[in-house]
Amino acid sequence: MHDINLITQNPQKFKYYLEIRNEDPSIIDRLLEINSQRKELITKINNLRNQKNNISDKIARKQYSSEEERQLLVKDSNLLDREIKDLEPILSEVEQSMKNILLNIPNIVAEDVPVGKDSNDNQIIYTEEEGLTPNFDPLPHWEIAEKLNIIDFERGVKLSGSRFYIMKGKLAKLQRALINFFLDFHTQKHNYKELYLPFIVKGYCLEGAGQLPKFEDNLYKDLEDDMWLVPTAEVPLTNIYRDEILPADVLPLYYVAYTPCFRKEKIAAGRDVRGIKRGHQFDKVELYKFTLPENSDYELEKLVQDACDILRALKLSFRIVKLCSGDLGFSSAKTYDIEVWAAGCKEWLEVSSCSNVLDFQARRANIRFRRTPQSKPEYVHTLNGSGLALPRVVIAILENYQQKDGTIRIPEVLQPYTGFDQIEINWKY
RNA sequence: GGAGAGGUGGCCGAGUGGUCGAAGGCGCUCGCCUGCUAAGCGAGAGUGUCGCUUAAUAGGCGACACCACGGGUUCGAAUCCCGUCCUCUCCGCCA
């Protein structure tokens, strides 16, 4: 969410940001109009209240000479009250519609983000192909997994419908090992603090993180209790310090957390239906930072490297893509995607999306800090990135670590976690 | 889920209708003092919004709102009433 005063001061800039995100900039004009209505109403109501307070004060101090005079004061106050009560609902309506508009305006676009229409205009800024590649043509993961009996697609669908699957035996353990490896790696090598979070949150958390009100369609929810399954750990992480003022010396804060993620994927209906690339439920280890505003840019570069280090340790090839303005997520001012090479389906798979959100979420969730005990509170900057998303790393391992005989080798760094060094044919039932 | 108690400023804690944005203590900030991080003395500190002033989203002045949240009673509510949420204790249930 943006500071309405910043928009008022520079509407052209905000219109431009909307344009390069392929959104309608005319909303800014409506916003400005509503805002001036709002201010006018506030001024009016405040004046009336002021008059009313003065009367109460007079009565309290017994500044009247007769009972009749007192009654007159009471009568005046009642009149003022009626005027106020007439205006108040109008104001709250105006405020509500202003908030609705503000909540639907995406973040600004960082200066160094390339302007572009869609993912075709994204820039590949770095490629590292030191990773393992089979010297034969490996099967895509859904085929090899079926051959080895380590993924049961049919029965997953039987339980929960399309885009659900069951991982079995050593593959299930491989995934579990990866989660532990990721958490250990980031806590030990990169100084992130590990958190175990709720997987269900209140609606205001999703508003704080930017999923609501715009992306309600993509979320699983229990409206009766206002409880929502998290689509990413970013949501609970963003809200840990909501409505708090942090002392500056605790910043930056680095957190890492594993959560499952639940997404309806309505927007992506029909895409990536084969295999485990896009499910309604998947696991992810998320990296999150709270930083001083002046450091967030640098912290983003570091965050990306932290995520890349995992791929290096797993000996997987990857590349870094800088998203163009048209492909940026709603809350992000700048995003790098990290894509891993999958030799079976021959695709670069997005395993991480690292974003500098600036103060966008901090405003929505009201997360601030104080530079010194006597300085004014300021909004923190927040950053998030996967470190990493599990299924796609699993895909990369199944495809890149595939052997000619159809078995899968386990990356060396994972072997202490799995307790085995290869996956072969699994039990059928 | 049932019964009871309670939710006040960074923290503790007073306050049951009027000058209370809130005593007191701790902590914090800035001075002073003491020849060395302590003690003492003095002063100052909440958040947000609107308006005026200003080059200023710096500072100043004024107003309004905020004592869990939402409503109500009243000229006037932290204080009274209703609803919701949360916390604690006991019981029940359960991994």
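Numbers restart at 1 for each chain; the letters A, B, ... are given by sequence-line order, proteins then strands.
Within the nucleic acid shown, Lys52(A) comes within 4.0 Å of sugar-phosphate atoms alone, with no base atom in reach, counting heavy atoms only. Counting any heavy atom pair closer than 4.0 Å across all strands shown, Asn53(A) reaches sugar-phosphate atoms only and no base atom. Counting any heavy atom pair closer than 4.0 Å across all strands shown, Asn47(A) reaches no nucleic acid atom.
Aromatic ring pairs are classed by plane angle as parallel below 30°, tilted from 30° to 60° and perpendicular above 60°; the pair Tyr255(A) and Tyr241(A) is tilted. Between His186(A) and His190(A), the two ring planes are tilted [angle within 30° to 60°].
Taken from CG in Asn54(A) to CD in Gln63(A), the straight-line distance is 10.0 Å, to the nearest 0.5 Å. For the atom pair His280(A) NE2 and Cys261(A) SG, the distance stands at 14.0 Å (nearest 0.5 Å).
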Within the sub-3.5 Å range, which N or O atoms of nucleotides 18-27 of chain B have a protein N or O partner, and how far apart are they?
residue	atom	partner	partner atom	Å
G18(B)	N2	Ser56(A)	O	3.1

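Using modelled atom types and a 3.5 Å distance limit, the side chains of Asn180(A) and Tyr258(A) yield no donor-acceptor pair. Ser353(A) and Asp337(A) are linked by a side-chain donor-acceptor pair at a separation below 3.5 angstrom, with hydrogens and angles left out of the test. One side chain, Tyr288(A) or Thr238(A), offers a donor N or O that lies under 3.5 Å from an acceptor on the other.
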Worksheet, complete the sentence: Contact string for nucleotides 44-49 of chain B, one letter per nucleotide 5' to 3', B = base within protein heavy-atom range under 4.0 Å, S = sugar-phosphate only, - = neither, reads ---SSS
Worksheet entry | From CA spacing to verdict: salt bridge (charged side-chain N to carboxylate O under 4.0 Å, His left out), Asp306(A), Lys189(A) | CA-CA 9 Å; Asp306(A) 292 342; Lys189(A) 297 221 156 106; over 6 Å; no
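Tested against Glu207(A), the residues Lys99(A), Lys202(A), Arg363(A) include a single salt bridge (charged side-chain N to carboxylate O under 4.0 Å, His left out) partner, Lys99(A).
With a cut-off of 3.5 Å on both pairing distances, U37(B) has no Watson-Crick or G-U wobble partner at all. Here C28(B) sits opposite G44(B) as a Watson-Crick or G-U wobble pair (both hydrogen-bonding atom distances under 3.5 Å).
Base orientation of A45(B): syn (glycosidic angle within 90° of 0).
Atom C1' of nucleotide C85(B) and atom CG of Asp225(A) are separated by 12 Å, given to the nearest angstrom.
Spacing of C1' atoms, U19(B) relative to G83(B), comes out at 33 Å, to the nearest Å.
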